[in-house]
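I have placed the structure first, in the form of structure tokens, so that the comments after it can refer back to it.
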Amino acid sequence: MTKIDKAGSFTIGDRTVKRLGYGAMQLAGPGVFGPPKDHGAALSVLREALASGINHIDTSDFYGPHVTNQLIREALHPYPDDLTIVTKIGANRGQDASWQPAFSKAELTQAVHDNLHNLQLEAIDVVNLRAMFSIHGPAEGSLEETLAVLADLQRQGLVRHIGLSNVTAKQVGDAQKICRIVCVQNMYNIAHRSDDALIDTLAADGIAYVPFFPLGGFTPLQSSTLSGIAARLHATPMQVALAWLLQRAPNILLIPGTSSVAHLRENLAAVELELPQDAVAELDSIVAATAEA
Ligand SMILES: NC(=O)c1ccc[n+]([C@@H]2O[C@H](COP(=O)([O-])OP(=O)(O)OC[C@H]3O[C@@H](n4cnc5c(N)ncnc54)[C@H](OP(=O)(O)O)[C@@H]3O)[C@@H](O)[C@H]2O)c1
């Protein structure tokens, strides 16, 4: 039993994971492109994550590209049985580090094989289909053909479970008519709450919701309300932001990203933080203030 067990666990498909996991995107170079500044430090973060009890890692072969998955393999292979690695497909990277849609059958199939190769796996626990109708957030568009390709790769035994990323509630509903969806990964944090209703619907259906940018992503969260509450609770703003997500809904699984062992430890210590109701109410007001700003 490690301290992160205190946050409880949730099920993604047939995999039970602790609610505090790790997002590996920040391990690649600047702009999620190329190798890390410090290769040894990147390996240390991954090893520390597992030593701390984490059993859920989020990644993609388009981080680097290939870099993050290769680091995970170097640091952690052979993987412990209880480790769940979740990857995503649907994009690739231009020479200029741009993010391009990669939704053809050939590109999706290649992406699954690249993930298998770079992670050194025979099957991937969970593959999220990352919608790319807009780079700025979810946008309507049909995922039917692409999901059919992924469902076929699942039938071939290369993919155990299918999830979705950067999607609308309609796309989730439509996808569920094609195949079982075990998780949804969209942008969500204390200041960005477009998915409030979707989270509650998924919770009722026992489907995991995995917010990306839980700490604000490339522009880490900044709010005087958040800092004030953190100071009152003798915690850091990042810990308060994570504790707020943990109390928000039982199906929320955290994958904060960091390239630093110190930040990883700080983030994991968020499980110790109990937010009083008045602090939650105050934190809930941040989103309204952000919308008015
Ligand atoms: N599906 C998608 O489209 C999508 C998009 C983006 C991300 N993701 C996934 O979601 C995961 C989480 O998102 P993210 O990593 O981009 O953003 P995040 O977790 O919101 O924030 C990461 C940023 O916060 C900093 N940070 C982390 N812990 C900190 C701490 N305790 N104190 C101060 N700064 C801290 C990190 O810098 P340091 O490295 O210096 O700690 C990094 O700059 C990713 O790793 C990736 O796996 C998915």
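Whatever order the structure lists ligands and atoms in, that order sets their numbers, starting from 1. Below, each value reflects all heavy atoms present in this structure, side chains not excepted, and no hydrogens, waters or symmetry copies.
Summarising the local packing, CD of Q156 is surrounded by more than 12 heavy atoms from other residues, nucleotides or ligands at distances under 6.0 Å.
Smallest separation of non-hydrogen atoms from L76 and L46: CD2-O, 3.8 Å.
In summary, R160 and D14 do not engage in a salt bridge, as defined by a charged side-chain N under 4.0 Å from a carboxylate O. Classification of R193 and D284 as a salt-bridged pair holds, one side-chain N sitting under 4.0 Å from a carboxylate O.
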Applying salt bridge (charged side-chain N to carboxylate O under 4.0 Å, His left out), run through R232 and E282 and close with a yes or a no. CA-CA 13 Å; R232 242 163 50 209; E282 231 182 301; 3.2 Å; yes
Could you go through residues 198-208 and list every donor-acceptor pair under 3.5 Å that involves a side-chain atom there, pairing it with any protein atom two or more places apart or in another chain?
unit_1	atom_1	unit_2	atom_2	d
D200	OD1	R248	NH1	3.2
D200	OD1	R248	NH2	3.2
T201	OG1	A197	O	3.0

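For a heavy-atom separation below 4.0 Å, the residues in contact with ligand 1 are G23, A24, M25, Q26, D58, Y63, K88, R130, S165, Q185, F212, F213, P214, L215, G216, G217, M238, I255, P256, G257, T258, S259, H263, E266, N267.
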